[in-house]
Number of protein chains: 2
Amino acid sequence: MLSEAVQDYLKSIYKLSHASQAGEMVTTSLIAERMQVSAASATNMIKKLAELRLLDHTPYQGVELTPTGVKMALEIVRHHRLLELYLRQSLGYDWDQVDAEADRLEHAISEDFEDRIDRALGFPTVGAHGEPIPSKEGDIAVHNYRRLADMAEGERCWIRQVSDRDPALLRYLDEHGLILGTEVEIRERAPFRGPLRIAIGVDREHHLGLEAAEQIYVEIAAA
Amino acid sequence: MLSEAVQDYLKSIYKLSHASQAGEMVTTSLIAERMQVSAASATNMIKKLAELRLLDHTPYQGVELTPTGVKMALEIVRHHRLLELYLRQSLGYDWDQVDAEADRLEHAISEDFEDRIDRALGFPTVGAHGEPIPSKEGDIAVHNYRRLADMAEGERCWIRQVSDRDPALLRYLDEHGLILGTEVEIRERAPFRGPLRIAIGVDREHHLGLEAAEQIYVEIAAA
DNA sequence: GAGCGAATTTAGCCATGACTAAATCCAATG
DNA sequence: CATTGGATTTAGTCATGGCTAAATTCGCTC
């Protein structure tokens, strides 16, 4: 059984490798920052994970999960996302609270618990923030979403996924009706790094900071 | 925040002090056995808990929780019993499985989670095995139950509480309809350490080992 | 190609909570 | 009241996973 610390690092590295460009290595400092530990501590754990064959470490360059490492990470991600959804659906948690509580619980639940909430939720494939939920076998759906920040003026799209990293953003989006499935049209884009003016549904308009729009993933609505 | 290990010891010591006679001290070896650690490890932790003023330690004699220690223990017990009940009621766990899963989860849940399952369960005062659930303030009901093993021939009673320490017993009792609330009459007692012959309801009879009957707590039924 | 600065790694330390082996205490027995 | 055996404590070790400070490496600039 992998220790809690090992599981946390694996999950963070997995998420970081997805946030970075394909082929890019995940650096020690990125891991340290995400885990809120010193760079030296991160190096320590990296060496341990390499020892366990869960990742390949190129010193001074970065790390990359091995297939085994990815498999382990996906198990943890599955626990996390099922828990998030369960907390939301069955216990009424707010959108921005589920991540923290799932972090606490994900190491503690048994396979049996996992199966039971999976069944209670109707075997969902998508989590509380729209992320794909890995299957028990370690398969994970690949969604071809685009960032809302990358959309052009006049385009229409549905909100399909939102980063779970920023509770304040989640609270804001929830309060303003920008939930999963909402249809949005880009009315106007500021030329450089300014906000987007977007239309929500047919009658409401909204200004959204670029930083927020970079954390929202959308599916293009049919023309 | 108390560490998981500290919480586990507190819970075990609290339960042991209730299983023993009033005023009796809880010994190092009892704690070691219950926690599945060596006696030396238990001594280590006892010294730490004494340092934290959670218990009083009389060397070579035993320990006794301080009022603060009891308060901390009751918080953990409250988490545990609410979780057990939730697992049973909302996720369909069997009677003999809830203890193990609650052990995993009890350290991980937040106050918010506790409040939410408390509400979902309708603010219960009794746990899955009939044990009182401490209130958030640290009050706990005292039930004046007797052991089924101490009942005399001809007496009638209701099953009110069962020890959660033996999953095999719980499974057995559940399968034979000896659940909480069942009315039972003692038909015959073997003279010394033999089984009891009991009647369940009006038409069924059953032989129950003395060891089992010592772990079942009952309320005398009105004559 | 030397040097600089930032990132990374190494070295050495600490707390926690296990362990074994050895010493010590205490109660019971003769 | 001395002895002895079981319970308890002490002493010393280990693994885990943090930390800081110091050394090292790498990429970039001159």
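The chains referred to below are lettered A, B, ... by the order of the sequence lines, with proteins before strands, and numbering in each begins at 1.
One finds no side-chain N or O of B/His57 lying less than 4.0 angstrom from the OP1 or OP2 phosphate oxygen of D/dT8. Using a 4.0 Å cut-off, no side-chain N or O of A/Ser41 falls inside it from OP1 or OP2 of D/dG17.
Using a 4.0 Å cut-off between charged side-chain N and carboxylate O, B/Arg104 and A/Asp112 make no salt bridge. In this structure, A/Glu155 pairs ionically with A/Arg146, as a charged nitrogen and a carboxylate oxygen lie closer than 4.0 Å.
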Could you walk me through whether A/Val162 and A/Leu178 pass side-chain contact (heavy atoms from CB on, under 4.5 Å), step by step?
CA-CA 10 Å; A/Val162 179; A/Leu178 291 160; over 6 Å; no
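Residue A/Thr28 is in sugar-phosphate contact alone, with no base atom involved, counting any heavy-atom pair closer than 4.0 Å across all strands shown. At the heavy-atom level, B/Ala42 lies nowhere under 4.0 Å from the strands shown.
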Restricting both atoms to N or O, compile the protein contacts to nucleotides 13-17 of chain C shorter than 3.5 Å, with distance only.
{"residue": "C/dG17", "atom": "OP1", "partner": "B/Ser3", "partner atom": "OG", "Å": "2.4"}
{"residue": "C/dG17", "atom": "OP2", "partner": "B/Lys48", "partner atom": "NZ", "Å": "2.3"}

Measure all distances between protein nitrogen or oxygen atoms and nitrogen or oxygen atoms of nucleotides 23-26 of chain C, and list the pairs falling under 3.5 Å.
none

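For the pair B/Arg81 (side chain) and B/Pro132 (backbone), a donor-acceptor distance under 3.5 Å is present. Between the side chain of A/Arg189 and the backbone N or O of A/Met151 there is at least one donor-acceptor pair closer than 3.5 Å. B/His57 places no side-chain N or O within 3.5 Å of a backbone atom of B/Thr43 that could act as its donor or acceptor partner.
Atom CD of B/Glu33 has 12 or fewer heavy atoms from other residues, nucleotides or ligands within 6.0 Å. The environment of B/Glu51 atom CD is sparse: at most 12 non-hydrogen atoms of other residues, nucleotides or ligands sit within 6.0 angstrom. The neighbour count for B/Arg165 CZ, taken as heavy atoms of other residues, nucleotides or ligands under 6.0 Å away, does not exceed 12.
As a whole-Å value, the separation of A/Met25 CE from D/dC26 C1' is 15 Å. When the P atom of D/dG17 is taken as reference, atom CD1 of A/Ile31 falls 15 Å away, rounded to whole Å. D/dA7 atom P lies 11 Å from atom CD of B/Glu33, rounded to whole Å. Summarising the geometry, the separation between NZ on A/Lys47 and P on C/dG12 is reported as 13 Å, rounded to the nearest angstrom.
Within a heavy-atom distance below 4.0 Å of DNA chain D, no residue of residues 101-108 of chain B is found.
A donor-acceptor contact under 3.5 angstrom links the side chains of B/Glu84 and B/His80, judged on distance only.
Comparing atom distances between the B/Thr43 side chain and each of D/dT10, D/dC19, C/dT8 picks out D/dT10 as nearest. Closest contact between the side chain of B/Ser29 and the listed nucleotides D/dG18, D/dA7, C/dC19 involves D/dA7. The side chain of B/Thr27 lies closest to D/dT8, out of C/dT10, C/dA7, D/dT8.
Using cut-offs of 30° and 60° for the angle between ring planes, the A/Phe113 and B/Tyr93 rings count as tilted.
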